[in-house]
Amino acid sequence: MDIAAERIERLHELARAAATEGDDDRARYYVRLARRVAERNRLTLPRTFRRFTCDRCDAYLRPGQNARVRLQNGHVVITCDCGAHARYPYEE
Ligand SMILES: [Zn+2]
């Protein structure tokens with residue numbers, strides 16, 4: 001794993017920890033940093049990162065706290081508090 005990928009992994013951990021503590025602003029800050037590192041290094045963000053972050057407001061999503069999760073026709077639909085929806089095929 002190269003340094004940029006490691007940094008993204010670390011920022012992901014920090015975002016998750018901040019979100020768990022209820023510090024959404026700090027979580028957003030780490031999410032944005034991780035996105036920037038990925039962009040600059042032309043890396044794809046890990047799938048778990050993409051699934052637990054909001055594309056619109058960069059929040060780190062915690063189902064039951066700042067996000068709702070529903071199953072719909074074999075898809076997982078995550079709705080952020082900002083109103084953005086994300087749909088994924090139900091696999092795992
Ligand atoms: Zn959002």
Side-chain angles (χ1 to χ4, degrees):
M1 208 196 277
D2 67 34
I3 288 168
E6 269 173 36
R7 243 194 113 202
I8 289 168
E9 206 38 59
R10 176 86 187 120
L11 289 166
H12 184 187
E13 292 298 324
L14 288 167
R16 181 160 42 200
T20 302
E21 286 165 21
D23 194 340
D24 290 335
D25 288 339
R26 198 153 51 92
R28 250 186 210 103
Y29 169 77
Y30 292 131
V31 166
R32 286 183 180 137
L33 268 182
R35 285 200 208 282
R36 215 172 304 150
V37 172
E39 241 168 62
R40 214 180 286 145
N41 295 278
R42 294 166 189 272
L43 291 171
T44 306
L45 288 159
R47 190 162 64 172
T48 50
F49 182 96
R50 282 178 284 147
R51 296 213 168 168
F52 287 99
T53 52
C54 176
D55 282 341
R56 191 202 274 174
C57 73
D58 294 326
Y60 194 89
L61 303 173
R62 291 160 299 150
Q65 292 183 70
N66 64 356
R68 275 170 300 138
V69 178
R70 279 180 305 132
L71 285 175
Q72 192 183 64
N73 304 324
H75 283 77
V76 181
V77 182
I78 301 186
T79 307
C80 175
D81 274 355
C82 79
H85 301 281
R87 278 166 59 92
Y88 306 105
Y90 182 70
E91 317 155 345
E92 294 97 323

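Just so you know, these numbers use all the heavy atoms, side chains as well, and skip hydrogens, waters and symmetry mates. Numbering starts at 1 and runs along the sequence shown.
The same ILVMFWY cluster, assembled from side-chain heavy atoms under 4.5 Å apart, contains both Tyr88 and Val69.
The salt bridge (Lys or Arg N to Asp or Glu O under 4.0 Å) analysis of residues 61-82, with sequence neighbours excluded, yields the pairs Asp24-Arg62.
Two residues are said to be in side-chain contact when any heavy atoms from C-beta on lie closer than 4.5 Å; Ile78 and Pro63 fail this criterion. Looking at heavy atoms from C-beta onward, Leu71 lies in side-chain contact with Val76 at the 4.5 angstrom threshold. The shortest side-chain heavy-atom distance between Thr48 and His12 falls under the 4.5 Å cut-off. Proximity of Asn41 to Arg7: side-chain heavy atoms (C-beta onward) are nowhere separated by under 4.5 Å.
Nearest heavy atoms, Ala27 versus Ala18: N-CB, 3.7 Å. Contact detail for Glu9 and Pro46: the closest heavy-atom pair is OE1-CG, 4.0 Å. Between Arg28 and Cys57, the shortest heavy-atom contact is NE-O, 2.8 Å. Of all heavy-atom pairs between Asn66 and Ala59, the closest is ND2-CB, 4.3 Å.
Ionic pairing of Arg16 and Glu13 is present here: one or more N-O contacts between side-chain nitrogen and carboxylate oxygen are shorter than 4.0 angstrom.
Asp55 contributes atom CG, which lies 13.0 Å from atom NE2 of His85 (distance to the nearest 0.5 angstrom).
Heavy-atom contacts from other residues, nucleotides or ligands closer than 6.0 Å to CZ of Arg50 number more than 12.
Cluster note: Val31 groups with Ile8, Leu11, Leu14, Tyr29, Tyr30, Leu33, Val37, Leu43, Leu45, Phe49, Phe52, Tyr60 through ILVMFWY side-chain heavy atoms spaced under 4.5 Å, whether in direct contact or through intervening members.
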